[in-house]
Amino acid sequence: MEKIAVIPARSGSKGLKDKNILDVCGKPLIAYTIEAAVKSGFFSRVIVSTDSREYGRISERYGAEVMYRGKELSDDNATSSVVVDDVLRRVGQDIDYFVLLQPTSPMRDEKHIREAVAKFEANFGEYDFLVSVKEAEHSALLVKPIEEDGSLKHFDADFSGYRRQGYKEYSPNGAIFIGKPKSYIEKRHFFGSKSIAYVMRDFDSLDIDTRLDYEIACFCMEKKMQGEWI
């Protein structure tokens with residue numbers, strides 16, 4: 001099947017400055033996602049969508065094609081859907097599907113991409129999307145809001161009998177999203193009854209958003225490179 005990889009890499013992140021090119025064990029963060037896509041051997045094109053010439057030069061160095069986007073697709077309000085729309089419009093829709101790979105998931109490698117693609121293609125007639133997930137750390141029963149008064153009124157239940165082992169719940173980990181172009185353009189997201197899950201381990205699901213995430217990622221990547229945590 002004809003498929004492309006789309007890697008969104010906006011500059012100007014506020015939490016971690018230039019997050020997508022932070023050094024992780026000797027490589028810029030985005031390099032791990034580009035290399036995983038290239039090494040999978042599945043894609044006719046591996047495309048990085050960015051607003052930064054620096055990001056573009058780095059991406060090309062690691063084997064990606066670069067599409068530069070305008071300012072209207074690069075501010076804090078720009079969603080992944082408008083970025084995907086932009087890439088699909090420029091590529092054309094003569095592809096069977098696309099794979100969205102966020103650069104903030106460095107532990108996801110070519111093995112995970114191959115497994116996710118194989119699962120999606122094996123169920124291609126039944127599903128329009130695939131989303132990678134991990135087992136949730138906490139049940140939805142234990143995740144509630146706290147109002148301005150600081151009370152636990154939304155936690156008004158007896159949790160003493162709660163057993164996490166009783167059943168499993170999952171949450172998206174942000175590592176792999178797959179979609180058919182027409183279905184995605186119509187729906188604008190990857191979730192629902194026409195979406196199939198690809199389950200990943202916690203170790204491989206690490207997503208970098210904060211300084212703590214970054215420090216943990218550096219530690220985990222070092223362990224992975226040394227073969228100590230496979």
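Values below: every heavy atom of this structure, side chains too, minus hydrogens, waters and symmetry copies. These numbers were taken from a predicted model, which means no experiment stands behind them.
No more than 12 heavy atoms of other residues, nucleotides or ligands shown are found within 6.0 angstrom of CZ on Arg53. For Met225, the CE atom is loosely surrounded, since the number of other residues' heavy atoms within 6.0 Å does not exceed 12.
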(request) Check the pair Leu22, Leu16 against side-chain contact (heavy atoms from CB on, under 4.5 Å), reporting the backbone distance first and the verdict last. (result) CA-CA 9 Å; Leu22 284 175; Leu16 285 173; 4.1 Å; yes
(request) Take Thr33 and Arg108 through the test side-chain hydrogen bond (donor to acceptor under 3.5 Å, both in side chains) and record every step on the way to the result. (result) CA-CA 7 Å; Thr33 292; Arg108 174 254 295 114; 3.0 Å; yes
(request) Go through the steps for Lys3 and Arg45 under the test side-chain contact (heavy atoms from CB on, under 4.5 Å), then give the verdict. (result) CA-CA 8 Å; Lys3 47 193 167 288; Arg45 301 170 74 174; over 6 Å; no
(message) Asp109 vs Lys39, test: salt bridge (charged side-chain N to carboxylate O under 4.0 Å, His left out). Steps then yes/no.
(response) CA-CA 9 Å; Asp109 58 28; Lys39 288 179 182 178; over 6 Å; no
(request) Assess whether salt bridge (charged side-chain N to carboxylate O under 4.0 Å, His left out) is satisfied between Asp85 and Arg188, documenting all intermediate values. (result) CA-CA 9 Å; Asp85 281 351; Arg188 316 295 293 178; 2.4 Å; yes
(request) Step by step, work out the side-chain contact (heavy atoms from CB on, under 4.5 Å) result for Ser205 and Met107. (result) CA-CA 7 Å; Ser205 297; Met107 310 309 295; over 6 Å; no
(request) Show your working on side-chain contact (heavy atoms from CB on, under 4.5 Å) between Met67 and Val48 and close with a plain yes or no. (result) CA-CA 6 Å; Met67 284 189 180; Val48 169; over 6 Å; no
(request) For the pair Asp209 and Lys19, evaluate salt bridge (charged side-chain N to carboxylate O under 4.0 Å, His left out) and give the outcome as yes or no after the intermediate values. (result) CA-CA 8 Å; Asp209 186 49; Lys19 176 173 62 178; 3.7 Å; yes
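Checked by atom type, the side-chain pair His154/Glu147 shows a donor-acceptor distance below 3.5 Å. Arg114 and Ser40 form no side-chain donor-acceptor contact under 3.5 Å, judged by distance and modelled atom types alone.
For the pair Thr50 and Ser59, the minimum side-chain heavy-atom distance is 4.5 Å or more. In this structure the side chain of Val199 never reaches within 4.5 angstrom of the side chain of Glu135, judged on heavy atoms. Inter-residue side-chain proximity for Ser81 and Tyr184 is flagged as met; some heavy-atom pair is nearer than 4.5 Å. Contact annotation: the side chain of Tyr32 never approaches that of Ile34 to less than 4.5 Å [non-hydrogen atoms, C-beta and beyond]. Residues Ile7 and Ile47 form no side-chain contact, since every pair of their non-hydrogen atoms from C-beta on lies 4.5 Å or further apart. For the pair Leu88 and Ile95, the minimum side-chain heavy-atom distance is below 4.5 Å. In this structure, the side chains of Leu100 and Val84 come closer than 4.5 Å at one or more pairs of heavy atoms. Counting heavy atoms from C-beta outward, Val38 and Phe43 have side chains that stay 4.5 Å or more apart.
Using a cutoff of 4.0 Å between basic side-chain nitrogens and carboxylate oxygens, Arg201 and Asp204 are scored as salt-bridged. With respect to Lys27 and Asp23, no salt bridge is recorded, no charged nitrogen being found less than 4.0 Å from a carboxylate O. Salt bridge status for Asp128 with Lys182: absent, with no side-chain N to carboxylate O gap under 4.0 Å.
Ile178 contributes atom CD1, which lies 4.5 Å from atom CG of Leu130 (distance to the nearest 0.5 angstrom). Rounding to the nearest 0.5 Å gives a distance of 10.5 Å between CZ of Phe219 and SG of Cys25. With rounding to the nearest 0.5 Å, the separation of CG in Leu206 from CE in Met200 is 10.0 Å. The line from CD of Glu2 to CG of Asp94 is 9.0 Å long, rounded to the nearest 0.5 Å. Rounded to the nearest 0.5 angstrom, Ile58 CD1 and Leu29 CG are separated by 10.5 Å. Distance OG/Ser80 to CZ/Arg10: 12.0 Å, rounded to 0.5 Å.
Residues Ser151 and Ile146 approach most closely at O-CG2, 3.6 Å, considering heavy atoms. Ile196 approaches Lys119 most closely through the heavy-atom pair CD1-CE, 3.6 Å. In plain terms, the two heavy atoms of Asp86 and Arg89 that are nearest each other are OD1-NH2, 2.7 Å. Across every non-hydrogen atom of Leu101 and Ala175, the tightest pair is CD2-O, 3.7 Å. When all heavy atoms of Ala9 and Tyr55 are compared, the closest pair comes out as O-CD2, 3.3 Å.
Taken together through direct or relayed side-chain contacts under 4.5 Å among Ile, Leu, Val, Met, Phe, Trp and Tyr, Phe42 and Val87 form parts of separate hydrophobic clusters. Taking hydrophobic clusters as Ile, Leu, Val, Met, Phe, Trp and Tyr residues chained together by side-chain heavy-atom distances below 4.5 Å, Phe155 does not share a cluster with Val143. Ile176 and Val131 fall into different hydrophobic clusters, where Ile, Leu, Val, Met, Phe, Trp and Tyr are joined by side-chain heavy atoms under 4.5 Å apart, directly or via other members. Clustering ILVMFWY residues whenever any of their side-chain heavy atoms sit less than 4.5 angstrom apart, transitively, puts Val83 in a cluster other than the one holding Val99. Cluster membership for Ile4 and Val66, using ILVMFWY side-chain heavy atoms within less than 4.5 angstrom, is not shared.
In this structure a side-chain-to-backbone donor-acceptor pair under 3.5 Å is missing from Lys134 to Ser171. Between the Thr210 side chain and the Asp213 main chain, a donor and an acceptor come within less than 3.5 Å of each other. At least one donor-acceptor pair under 3.5 Å links the side chain of Gln102 to the backbone N or O of Gly174. Side-chain atoms of Arg69 come within 3.5 Å of backbone N or O of Ser49 as a donor-acceptor pair. Panel note: side chain Asn20, backbone Ser11; no donor-acceptor pair is recorded below 3.5 Å.
Taking the six-membered ring where tryptophan is involved, the planes of Phe177 and Phe191 are perpendicular, since the angle between them exceeds 60° and thus also 30°. Under the 30°/60° scheme for interplanar angles, the aromatic rings of Tyr97 and Phe124 are found to be tilted.
Aromatic pair Phe120/Tyr198: ring centres not closer than 6.0 Å.
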